[in-house]
Colleague: 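Got a structure for you, questions after.
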Amino acid sequence: MMEEVAARIICRELDASGAGYGVVNDDWTGMTVGGTPEVTRPLVGVRMFADYGAFRPILGRGEPVAIADVHTDALTAGYDARYDAEGIVAILCVPIFKFGRFVGLMFVCHDAPHTWTDEEIVFTRAVADRTHASMRQARTQQQIRDLNVMLEERILQRTRERDRLWNIARDLFIIIDRRGYYVAVSPSWEETQGYRAEELAGLRLDALCHPDDRRMVLDTFERLLAGTPWPTAGLDVRMRRSDGSWRTYNWSCNDEGDAIYAVGRDLTERNELEEQLRQAQKMEAVGQLTGGLAHDFNNLLAGIGGGLELIGLRLAQGRTDGLGRYIAASQDAVRRAASLTHRLLAFSRRQTLDPTPTDMNALVLGLESLLRGTVGPGIELVFDLEPGLWLTRVDANQLENAILNLCINARDAMHDRGTMLRLESANRVLAADVASDMSIRAGDYVVLTVQDEGCGMAPEIVQRAFDPFFTTKPLGEGTGLGLSMIYGFTQQSGGQVEIHSAPGQGTAVSLWLPRYQGQKTIRPEPPPLPVASQPRLLEGQRVLVVDDEEAVRMIVSDMVTDLGGIVLTAADGPSAEALAAEKGAPAVLISDIGMPGGMNGRELGEQMLGRWPGLKVLFITGYAEQSILGDQALAPGCALLVKPFTVAAFSRKLAVLLSRD
């Protein structure tokens, strides 16, 4: 032991009867003395300073204690018996400090009185410091040896775990060199993919990838070598099995310098289950949708068919009484059917919209009289509209319908419950984190909130509020399409809908619509023309009518003829182009949008406008996908009319179109 060697050296050099080294405890009340009894005398073990005198505070200050005779020194007075029992008469104690803390003690003693010289004190201190340093170094070396043993054991344990994982895991493991070639593969390749290790050795990392995934894999690997981390979510790659089939794996890679370590997890079965779930949900939605649609349309068709049949019977009988009533009932059923299809298209986000820069405050105030009449005198209508509200670009007619639907729902929810309905508008800036939670882009929004004091909705009702044909109203009092139409319209306009509701606390529905940064342009339109006095707007002008539905071509042609136009008809785009080339440029093109023949109505219009820039184009459609019209405004000289339409609406739209430069 290092302290024993030091004690022997001091005893020999100072001709002392004993010496020793002690480690001070944490509270400095005592120390643990090491060594052998023949050198340290009977002091080996734990010793308390208070048992040997009053000198511990001196040691705590870092000063040595040198006592020539314990029987006469004031520091040890009264402790004669303790020292006599241990054969000590003179004693020298030298404290050892580490980082300013009293940590150890070297003592030297004689069995007879002895006056300690400065040289003896300096020598003892030097031995004490060296002993402490050597002991600390020895402890450090031992700790290092212990740590190395522990690390080696952990490495062996981790290696065994890695080998077990490598050998038994169903995930695919690969080691790849920095050139991108397989170095080693796990046994799971043979079990799951059908390849033996020797078949894969030396293959490039994209050799088994689907052709459509190879470029993605190579680009990501090159970025990894350049220091870009591998995607956190991993990389989904289709891998070819030995039998030629494909399975999808999610790959994670890590660059370890000399090699790339990769692991792939099979997602094929999970993806198949997710697809089955999506299909089941879709079929459930289709079932709910078609059930409600069939119910409503059967009612409408019964009204239309019955009215037309009675008209035919009356005419066959030579009677004209009641014809006006049957015609009016059929027309009303047609209008209701058109409204139903518009709502369905809005829900599916396939409705043809005509967005324009809109002042929402002005639009809401313009609806005030209609809304007050709708909600009735028992409900107070409050407008809280923010001054300086930004513009938004939406289809104003659809926004009006959305507001009216929300107010009707609020009125019904406040039956015998609430008395106030609030419409509030505000400018809002949506931060990225909040926008992500709302599944919407960050940026500036105009928000309209319709808040009632009604019965409110439970959370499970709120979750289904946008489902088509879902309604909490009694049978016959609601179609369940109001909120779904609002949801579809808002999403198609680039916005979002929020519902905040709780039972007994009312409901607030907020429409978030993106801000329009440009200026509002007001386009004057001529006043509506009475049907009975329609002027011959198209007198002598050639009009090309294009629609694949023969009945629609016939009706529109008759409308054009009544307005004085000369009609040319075609069933598709190529036929229309050939007819125009043969007969000459028409003044107006009236075309359906969705048509067979490889050319839709918009493409036809663009080609004919390119040939005859002065052409006026009226698109008519009952169904148009966003991919056809997009979110862009119609080109100058073009207008849009949604089927079904009345003669008056057709005439008004043409009058507006022909009045534009």
Side-chain angles (χ1 to χ4, degrees), residues 139-275 432-433 436:
R139 285 196 299 270
T140 302
Q141 291 175 346
Q142 184 60 42
Q143 289 172 349
I144 292 175
R145 287 193 293 270
D146 294 342
L147 181 60
N148 286 335
V149 171
M150 181 184 66
L151 290 176
E152 289 176 1
E153 179 58 32
R154 286 189 178 180
I155 291 172
L156 288 173
Q157 181 180 356
R158 294 291 174 84
T159 302
R160 289 192 293 268
E161 291 174 352
R162 184 204 64 190
D163 290 344
R164 284 196 297 270
L165 188 63
W166 179 271
N167 290 319
I168 69 174
R170 290 185 56 83
D171 292 340
L172 302 183
F173 291 92
I174 320 175
I175 300 176
I176 307 169
D177 64 23
R178 300 191 69 78
R179 298 175 304 152
Y181 290 89
Y182 287 16
V183 174
V185 299
S186 61
S188 55
W189 279 85
E190 183 170 0
E191 180 184 354
T192 60
Q193 294 294 98
Y195 298 106
R196 296 189 306 275
E198 54 268 25
E199 295 181 84
L200 301 177
L203 289 182
R204 201 171 74 163
L205 65 92
D206 65 325
L208 302 178
C209 298
H210 192 281
D212 295 342
D213 296 342
R214 285 177 179 172
R215 177 43 52 193
M216 171 185 66
V217 171
L218 292 174
D219 289 347
T220 309
F221 184 76
E222 290 175 2
R223 288 195 295 270
L224 177 68
L225 295 181
T228 302
W230 191 265
T232 304
L235 207 64
D236 291 350
V237 182
R238 288 163 289 181
M239 306 289 293
R240 187 181 70 246
R241 302 181 70 209
S242 61
D243 60 6
S245 62
W246 299 93
R247 296 189 74 83
T248 301
Y249 285 84
N250 181 265
W251 287 97
S252 298
C253 285
N254 193 40
D255 186 355
E256 295 295 337
D258 59 336
I260 310 297
Y261 293 83
V263 58
R265 175 151 296 177
D266 193 343
L267 301 182
T268 309
E269 293 180 0
R270 191 194 73 178
N271 291 346
E272 291 174 353
L273 290 174
E274 288 178 351
E275 180 59 31
D433 54 343
S436 177

Colleague: Provide the closest heavy-atom pair for M239 versus C209 in the form atom of the first, atom of the second, distance.
Modeller: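 The pair with the smallest heavy-atom distance is SD-SG, 4.0 Å.
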Colleague: Which pair of non-hydrogen atoms, one from I260 and one from C253, has the smallest distance, and what is that distance?
Modeller: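 Where I260 meets C253 most closely, the heavy atoms are CG2-CB, 4.2 Å.
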Colleague: Going by side-chain contact (heavy atoms from CB on, under 4.5 Å), name the residues that satisfy it together with A259, two or more places apart in sequence or in a different chain.
Modeller: I175, Y261
Colleague: Under the side-chain hydrogen bond (donor to acceptor under 3.5 Å, both in side chains) test, which residues partner T268, sequence neighbours left out?
Modeller: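 With neighbours one apart ignored, the set is D266.
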Colleague: Are any non-hydrogen side-chain atoms of N254 and L224 less than 4.5 angstrom apart?
Modeller: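 No, their side chains stay 4.5 Å or more apart.
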Colleague: Mind checking side-chain contact (heavy atoms from CB on, under 4.5 Å) for S242 and listing every partner two or more places apart, or none if nothing turns up?
Modeller: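 Listed in chain order: Y195.
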Colleague: Tell me the closest heavy-atom pair linking W189 and Y182, and the distance in Å.
Modeller: CH2-OH, 3.9 Å
Colleague: Show every salt bridge (Lys or Arg N to Asp or Glu O under 4.0 Å) that has at least one partner inside residues 223-240, sequence neighbours left out.
Modeller: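 Of all non-adjacent pairs touching residues 223-240, those that pass salt bridge (Lys or Arg N to Asp or Glu O under 4.0 Å) are D213-R238.
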Colleague: Listed by chain and number, what are the salt bridge (charged side-chain N to carboxylate O under 4.0 Å, His left out) partners of D243, not counting sequence neighbours?
Modeller: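 So D243 forms a salt bridge (charged side-chain N to carboxylate O under 4.0 Å, His left out) with R241.
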Colleague: Any donor and acceptor pair, going by atom type alone, linking the side chain of S252 with main-chain N or O of V263 inside 3.5 Å?
Modeller: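 Checked: no pair found.
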Colleague: Which residues pass the side-chain hydrogen bond (donor to acceptor under 3.5 Å, both in side chains) test with Y249, sequence neighbours left out?
Modeller: Q193
Colleague: Provide the full list of ring-ring contact (aromatic ring centres under 6.0 Å, His included) pairs with a residue in residues 197-219, sequence neighbours left out, each pair given once.
Modeller: H210-W246
Colleague: Can you name the residues that form a side-chain hydrogen bond (donor to acceptor under 3.5 Å, both in side chains) with R204, not counting sequence neighbours?
Modeller: D206
Colleague: Any side-chain heavy atom of T220 within less than 4.5 Å of one from W230?
Modeller: yes
Colleague: Residues two or more places apart in sequence or in another chain: which of them pass side-chain hydrogen bond (donor to acceptor under 3.5 Å, both in side chains) with D258?
Modeller: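 With neighbours one apart ignored, the set is empty.
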Colleague: List in chain and number order the residues that pass salt bridge (charged side-chain N to carboxylate O under 4.0 Å, His left out) with E198, two or more places apart in sequence or in another chain; answer none if no residue qualifies.
Modeller: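 So E198 forms a salt bridge (charged side-chain N to carboxylate O under 4.0 Å, His left out) with R196.
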Colleague: Which pairs pass salt bridge (Lys or Arg N to Asp or Glu O under 4.0 Å) with one or both residues in residues 178-190, sequence neighbours excluded?
Modeller: D177-R179, R178-D255
Colleague: Looking at OG1 of T248 and CD of E269, how far apart are the two atoms once the value is rounded to the nearest 0.5 Å?
Modeller: 11.5 Å
Colleague: Can you find a pair of side-chain heavy atoms, one from V217 and one from W251, that are under 4.5 Å apart?
Modeller: no
